[in-house]
Student: 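First the structure, which I've put down as structure tokens, then a few questions once you've had a look.
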Amino acid sequence: MSSPLDARTDNLGRAIVLTLTTIAVFGVQDAVAKLLVQQYSPFQITMMRYWGFAVFALIIVMRQGPLREALRSKMPKRQILRGVLLMIDIWCFAIALQTVALGELQAIVIVYPLLVTVFAIPILGEKVGIFRFAAVGAGLLGALIILRPGGVPLEWGVAFAIASAASYALYIVLTRQVSASDSAATSLAYGALVGLVMSSGVGIFFWQPMPWTDFALVVVTMLTTCAGHGLMVYALTMAPASTLQPFNYFSLPWAIVLSIVVFGQWIDPISLIGAAVIVAAGLVVMARERQKHIATVAVPPVGEE
């Protein structure tokens with residue numbers, strides 16, 4: 001099934017602006033969600049937010065063709081597992097929002113690109129050289145700096161933040177795997193439907209009535225979720241994901257700003273150093289992966305020109 005979601009015409013400058021805008025929108029979503037989970041179950045808020053995202057995703061998919069065609073996957077079990085992992089990631093992040101400050105939470109989950117490198121070895125059979133292994137080790141050291149004694153309090157919120165990063169990293173690795181045989185529309189359809197079933201199947205048991213003012217905030221999370229994903233898809237039609245990925249680290253300073261402005265919560269200087277180490281290590285890994293990809297493309301297989 002071909003889809004414009006798979007097409008791309010390079011327009012780097014506009015793509016970067018859209019990526020930064022996407023991150024800003026998602027940051028607002030996280031801040032509003034953090035306000036909501038102080039009063040309501042994270043499972044209820046996640047369920048309601050996912051209703052909006054599922055409708056948005058399925059509309060995009062069905063604009064490309066019949067839904068039943070999008071669901072024809074060559075790797076259906078892996079696609080379902082992707083959806084499960086994404087839902088676990090969102091649940092864990094929402095639970096962590098209850099107790100962990102936005103800046104510190106983002107500083108922890110930002111380790112996911114390094115975990116992608118680690119998980120890609122057994123799952124995708126990727127070979128990682130000593131240089132990238134060293135960068136991953138440095139990034140994990142940065143995480144330990146954040147979680148040091150006297151740093152971020154070691155409680156359930158932190159554990160869920162780490163689980164969120166690990167789940168999302170596994171989701172990314174499986175997305176790479178299924179992208180070799182399935183279209184982007186197929187992956188989007190499975191992610192929307194699996195998440196819709198899981199979030200509703202659990203969230204309905206945590207339902208709590210809310211006044212219109214709080215429901216309005218839920219609508220904001222729905223709209224920002226849809227807007228963020230829409231901008232991200234649009235950005236990826238203009239530039240490669242590998243080129244835009246480094247700009248995702250803008251989420252860290254933006255989360256710190258929102259944490260201070262909205263909640264009055266500051267990130268301590270040593271934790272900020274740890275976060276900077278993680279970002280630097282992640283950028284090194286991305287640069288090495290990009291360099292390796294370019295080298296692979298530059299040398300055609302024997303017999304091709």
Student: Taking the side chain as C-beta and beyond, is there a heavy-atom pair between M47 and W207 under 4.5 Å?
Tutor: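 When only atoms from C-beta onward are counted, W207 and M47 do touch, with a gap below 4.5 Å.
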
Student: Under the side-chain contact (heavy atoms from CB on, under 4.5 Å) rule, what do L170 and L115 come out as? Steps first, then yes or no, please.
Tutor: CA-CA 8 Å; L170 283 169; L115 297 179; over 6 Å; no

Student: Run the numbers on M222 and Y50 for side-chain contact (heavy atoms from CB on, under 4.5 Å), then give the verdict.
Tutor: CA-CA 7 Å; M222 292 180 178; Y50 217 93; over 6 Å; no

Student: Any idea which heavy atoms bring G52 and C226 closest together, and the distance?
Tutor: O-SG, 3.3 Å

Student: Find the distance between OG (S41) and CG (L36) and round it off to the nearest 0.5 Å.
Tutor: 11.5 Å

Student: Taking the side chain as C-beta and beyond, is there a heavy-atom pair between Y168 and I90 under 4.5 Å?
Tutor: no

Student: What about V37 and W156, same hydrophobic cluster or not, with Ile/Leu/Val/Met/Phe/Trp/Tyr joined at side-chain heavy-atom distances under 4.5 Å?
Tutor: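 In one cluster: yes.
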
Student: Say whether, by atom type as modelled, one donor and one acceptor occur between the side chain of K34 and the main chain of V100 under 3.5 angstrom.
Tutor: yes

Student: Could you tell me if the side chain of Y249 sits less than 4.5 Å from the side chain of I23, heavy atoms only?
Tutor: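 Of all side-chain heavy-atom pairs linking Y249 with I23, none is under 4.5 Å.
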
Student: Verify the distance criterion only: is there a donor paired with an acceptor across the side chains of R82 and T175 at less than 3.5 Å?
Tutor: yes

Student: Are a donor atom and an acceptor atom from the side chains of S187 and D182 found within less than 3.5 Å of each other?
Tutor: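 There is no such pair between these side chains.
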
Student: Using only heavy-atom distances, determine whether the side chains of D268 and S271 contain a donor-acceptor pair under 3.5 Å.
Tutor: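 Checked: D268/S271 side chains pair up, N/O donor to acceptor below 3.5 Å.
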
Student: Indicate if L81 and M75 have the same hydrophobic cluster label, given that clusters are the connected sets of ILVMFWY residues with side-chain heavy-atom separations under 4.5 angstrom.
Tutor: no

Student: Kindly indicate whether the side chain of T46, heavy atoms from C-beta on, has any atom under 4.5 Å from the side chain of V202.
Tutor: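 SC-SC contact between T46 and V202 ruled out.
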
Student: Contact between V257 and W254 at the side-chain level, heavy atoms closer than 4.5 Å - yes or no?
Tutor: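 Yes - at least one pair of side-chain heavy atoms lies under 4.5 Å apart.
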
Student: OG/S251 to CG/L20 distance, rounded to the nearest 0.5 angstrom?
Tutor: 10.5 Å

Student: Between OG of S199 and CD of Q44, what distance do you get to the nearest 0.5 Å?
Tutor: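 The CD atom of Q44 is 12.0 Å from OG of S199, to the nearest 0.5 Å.
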
Student: Closest approach of L18 and A235, non-hydrogen atoms and distance?
Tutor: CB-CB, 3.8 Å

Student: Between T22 and T19, do the side chains contain a donor N or O and an acceptor N or O under 3.5 Å apart?
Tutor: no

Student: Judged by modelled atom types alone, do D214 and Y40 share a side-chain donor-acceptor pair under 3.5 Å?
Tutor: yes

Student: Answer yes or no: is there a side-chain heavy-atom contact under 4.5 Å between F160 and Q98?
Tutor: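 Counting from C-beta outward, F160 and Q98 never come under 4.5 Å.
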
Student: Given 3.5 Å as the limit, does a donor-acceptor pair link the side chain of Y190 with the main chain of G83, or not?
Tutor: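 Side chain of Y190 to backbone of G83, a donor-acceptor pair under 3.5 Å: no, none is there.
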
Student: To the closest 0.5 Å, what do you measure between CD1 (I204) and CE (M48)?
Tutor: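 Taking CD1 in I204 and CE in M48, the distance rounds to 10.0 Å.
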
Student: Counting only N and O atoms by type, is there a donor-acceptor contact under 3.5 Å from the side chain of T224 to the main-chain atoms of T221?
Tutor: yes

Student: Do V158 and W91 belong together in a cluster built from hydrophobic side chains that touch within less than 4.5 Å?
Tutor: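 Yes; W91 is reachable from V158 via cluster members.
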
Student: Give the C-alpha distance, both sets of side-chain angles, the deciding distance and a yes or no for side-chain hydrogen bond (donor to acceptor under 3.5 Å, both in side chains) between T186 and S183.
Tutor: CA-CA 5 Å; T186 295; S183 69; 3.2 Å; yes

Student: Please determine whether residues I80 and V197 belong to a single hydrophobic cluster, defined as Ile, Leu, Val, Met, Phe, Trp and Tyr linked transitively by side-chain heavy-atom distances below 4.5 Å.
Tutor: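 No, because I80 and V197 fall into different hydrophobic clusters, even though each may have its own neighbours under 4.5 Å.
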
Student: Could you give the distance from CD (Q38) to OG1 (T99), rounded to the nearest 0.5 Å?
Tutor: 8.5 Å

Student: Distance check, rounded to the nearest 0.5 Å: F119 atom CZ versus I121 atom CD1?
Tutor: 10.5 Å

Student: Which pairs, with at least one residue in residues 217-238 and sequence neighbours excluded, count as a ring pair (Phe, Tyr, Trp, His ring centres under 6.0 Å)?
Tutor: F26-H229, F53-H229

Student: Using the side-chain contact (heavy atoms from CB on, under 4.5 Å) rule, take L102 and I256 through it: C-alpha gap first, then chi angles, then the decisive distance, then the call.
Tutor: CA-CA 7 Å; L102 267 183; I256 293 172; over 6 Å; no

Student: P246 and L283: which non-hydrogen atoms are nearest, and at how many Å?
Tutor: CB-CD2, 3.6 Å

Student: So, K74 side chain and S181 main chain: donor-acceptor pair closer than 3.5 Å or not?
Tutor: no

Student: Checking side-chain contact (heavy atoms from CB on, under 4.5 Å) between I267 and each of I260, L272, L105, which is the one that passes?
Tutor: L272

Student: If every non-hydrogen atom of L252 is compared with every non-hydrogen atom of G103, which pair is closest and at what distance?
Tutor: CD1-O, 3.8 Å

Student: Do T225 and Q29 pair up side chain to side chain, a donor and an acceptor below 3.5 Å, judged on atom types alone?
Tutor: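 Yes, side-chain donor-acceptor contact under 3.5 Å.
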
Student: Among the clusters formed by ILVMFWY side chains lying less than 4.5 Å apart, do I59 and L231 turn up in the same one?
Tutor: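 Different clusters.
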
Student: Specify the closest pair of heavy atoms between L114 and A135, including all atoms of both residues, with the distance to one decimal.
Tutor: CD2-O, 4.4 Å

Student: Closer than 3.5 angstrom, by distance alone: can the side chain of S259 be matched with the main-chain N or O of Q265 as a donor-acceptor pair?
Tutor: yes

Student: Would S200 and W51 count as having a side-chain donor-acceptor pair, cut-off 3.5 Å?
Tutor: yes

Student: So which atom in A165 and which in V111 form the shortest heavy-atom distance, rounded to 0.1 Å?
Tutor: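 The answer is CB-CG1, 4.0 Å.
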
Student: As a quick check of understanding, evaluate side-chain contact (heavy atoms from CB on, under 4.5 Å) for V84 and Y171, giving each step before the final call.
Tutor: CA-CA 9 Å; V84 171; Y171 164 80; over 6 Å; no

Student: Is any side-chain heavy atom of L258 closer than 4.5 Å to a side-chain heavy atom of V261?
Tutor: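 The answer is no, as the side chains (C-beta and beyond) never meet within the 4.5 Å cut-off.
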
Student: What I'd like to find out is whether the side chain of V116 reaches to under 4.5 Å of the side chain of V285, using heavy atoms alone.
Tutor: no

